Number of protein chains: 2
Amino acid sequence: MAPAAVNEATAAVSPAGGAPSEGGAHAPVTDQIRDAIVRGEYAPNQRLIEADLSAAFSASRATVRTALLELAGEGLVERLPNKGSRVRAISVDEAIEILEVRIGVEGLCAAKVAEHLTDEQAAEFARLRDDMAASVEEGDLVEYSRLNRALDVRVRELSHHATASDVLARLHAQSVRHQFRLSSRPARAKVSVLEHTAIIDAILARDPEAAERAVRAHLLSVIEALREVTAREAV
Amino acid sequence: MAPAAVNEATAAVSPAGGAPSEGGAHAPVTDQIRDAIVRGEYAPNQRLIEADLSAAFSASRATVRTALLELAGEGLVERLPNKGSRVRAISVDEAIEILEVRIGVEGLCAAKVAEHLTDEQAAEFARLRDDMAASVEEGDLVEYSRLNRALDVRVRELSHHATASDVLARLHAQSVRHQFRLSSRPARAKVSVLEHTAIIDAILARDPEAAERAVRAHLLSVIEALREVTAREAV
DNA sequence: AGCCGCGATATTGTCTACAATCTTAGAACC
DNA sequence: GGTTCTAAGATTGTAGACAATATCGCGGCT
């Protein structure tokens, strides 16, 4: 019953296990394809052929087409006119670019949060900070990575800055693949947790400028780490 | 022969003169619609009905649909599921948000430019700076506004930062309408030109941090001006 | 008179078929 | 043997028709 691996011609590997999804009944093809991409079931640069996707998700080609258009808008797929769509590959250089942009935008968000922090929110951040420290202490990198994302998301939400959130969401979606690269390094986590603590502390102190600086310091450190890792891999 | 004003129900006004374009032969419907929007021929919040657009541009509804999807990706139109598309209206608050985000991203670009400035580029910027000053001196606000845009574009290009350029292009497209609001005020130009001079001087000095600060100062000033103008209009 | 449900209309979402375009393989030719 | 033209195949782009959904006005009920 295995529903057709989607075009293996260009890509080195095909989607991992079975099809990206099957039980899904009748509508959110966009979400299904997006999930498949961010989960890595479609490799970077893999061609996404409308007919194949149509078959795989049992939707019409028109539906798949709109989905691809939307995903292109999110920067997840690349559309070559008359040549088709493929999973957009983010090079390390681009990943660094994304981090550089994030410095400004996440800095802004953190500053906004620090400015308008309520007491409940403060308590929440304090808890988050302690949980992060604990998870690193125990060496639970998966949990730490989860808390990490939670912090990002929460900062974005509480900034109440729709434009910034939007930009960040888009950038984040594109770089999931590289994020993963660092999060699995215990040594990296030890440094990272300190930086995150600094960010949270600055927010708790309701000091916007300090928060911005802390975010910048953190992201610069991530950039550095990414450079190192890839330099080592290149050997 | 007047090719159907596109749905006037929701919008207070209909497209200005005739149709947004007619001679256009056979393909770039997306560009035509985008132009119509940024040129203000379709009012903010105006509904964009696929059938009407299809007739107006003599293209199939499928084509129009693709165009709308793309424009939605650029943030120019809003798509309400099952309810249709309309020209996205940018409120003053959103315009300010956009400017806030631009602080970080344009600051980054300016810094990059300052870092890698060649001598020819330096000469170009110096010329641009002098032209700007001259145009303000002569009270030629149209020319000043043009040079203004030219500066922005050039900084983006020379930053060689694809991600930042992308983000800025998107944000810029959305806020053209508000930009216009300030550019027609002589008093504003007098202040603005000083700030732009500061930016260029920092770039010429090849001082990234100074460039970033100058950009920030400028955009903060724009935000302030925008607040003032709208406060005055609200009276 | 006011509120609720029902039917007509307008508009988008989906599907199938066809046309245009690009890619690839093969044969003819130099 | 290599190169170029040609034709077949694969894939996207466009078109028109149908189905699903929302919007709005009318009539009935309380």
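The chains referred to below are lettered A, B, ... by the order of the sequence lines, with proteins before strands, and numbering in each begins at 1. All values reported here derive from a predicted model rather than from experimental measurement.
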Please tell me which of the listed nucleotides, C/dT11, D/dG13, D/dT14, lies nearest to the side chain of A/Asn82?
-> D/dG13
Given C/dG13, is OP1 or OP2 found less than 4.0 Å from the side-chain N or O atoms of B/Arg65?
-> yes
Report the distance from atom CZ of A/Arg61 to atom P of D/dT14, rounded to the nearest whole Å.
-> 11 Å
Taking only the side-chain nitrogens and oxygens of A/Arg79, find out if one of them lies under 4.0 Å from OP1 or OP2 of D/dG13.
-> yes
Applying the salt bridge (charged side-chain N to carboxylate O under 4.0 Å, His left out) test to B/Arg88, which of B/Glu74, B/Glu78, B/Glu94 qualifies?
-> B/Glu94
Measure from CD1 on A/Ile49 to P on D/dG9 and round the result to the nearest Å.
-> 18 Å
When the distance from CZ of A/Arg47 to C1' of C/dT23 is rounded to whole Å, what number comes out?
-> 9 Å
Think B/Thr63 has a side-chain N or O under 4.0 angstrom from the OP1 or OP2 of D/dA15?
-> yes
Comparing nearest nucleotides in DNA chain D, the 5'-proximal residue of the pair B/Ala62, A/Gly84 is A/Gly84
Candidate pair B/Thr163 and A/Arg102, rule side-chain hydrogen bond (donor to acceptor under 3.5 Å, both in side chains), full reasoning | CA-CA 10 Å; B/Thr163 306; A/Arg102 281 177 56 188; over 6 Å; no
Can you find a side chain N or O atom of A/Ser60 that sits less than 4.0 Å from OP1 or OP2 on C/dT14?
-> no
Are A/His218 and A/His196 an aromatic pair by the rule of ring centers under 6.0 Å?
-> yes
Between A/Thr66 and A/Pro81, which has a closest nucleotide on DNA chain C that is more 5'?
-> A/Thr66
Please check the phosphate of D/dT23 (OP1 and OP2 only) for any side-chain N or O of B/Lys83 closer than 4.0 Å.
-> yes
Distance-only side-chain donor-acceptor flag, A/Thr30 / A/Arg34, under 3.5 Å = no
Taken to the nearest whole Å, CG/B/Leu69 to P/D/dT12 is 16 Å
Option passing side chain to side chain donor-acceptor pair (under 3.5 Å) with A/Ser85 (candidates A/Glu50, A/Arg79, A/Arg65) | A/Arg79
What's the CG-P distance between B/Leu80 and D/dT23, to the nearest Å?
-> 9 Å
Figure out the CD/P separation between B/Glu50 and C/dT11, and round it to whole Å.
-> 11 Å
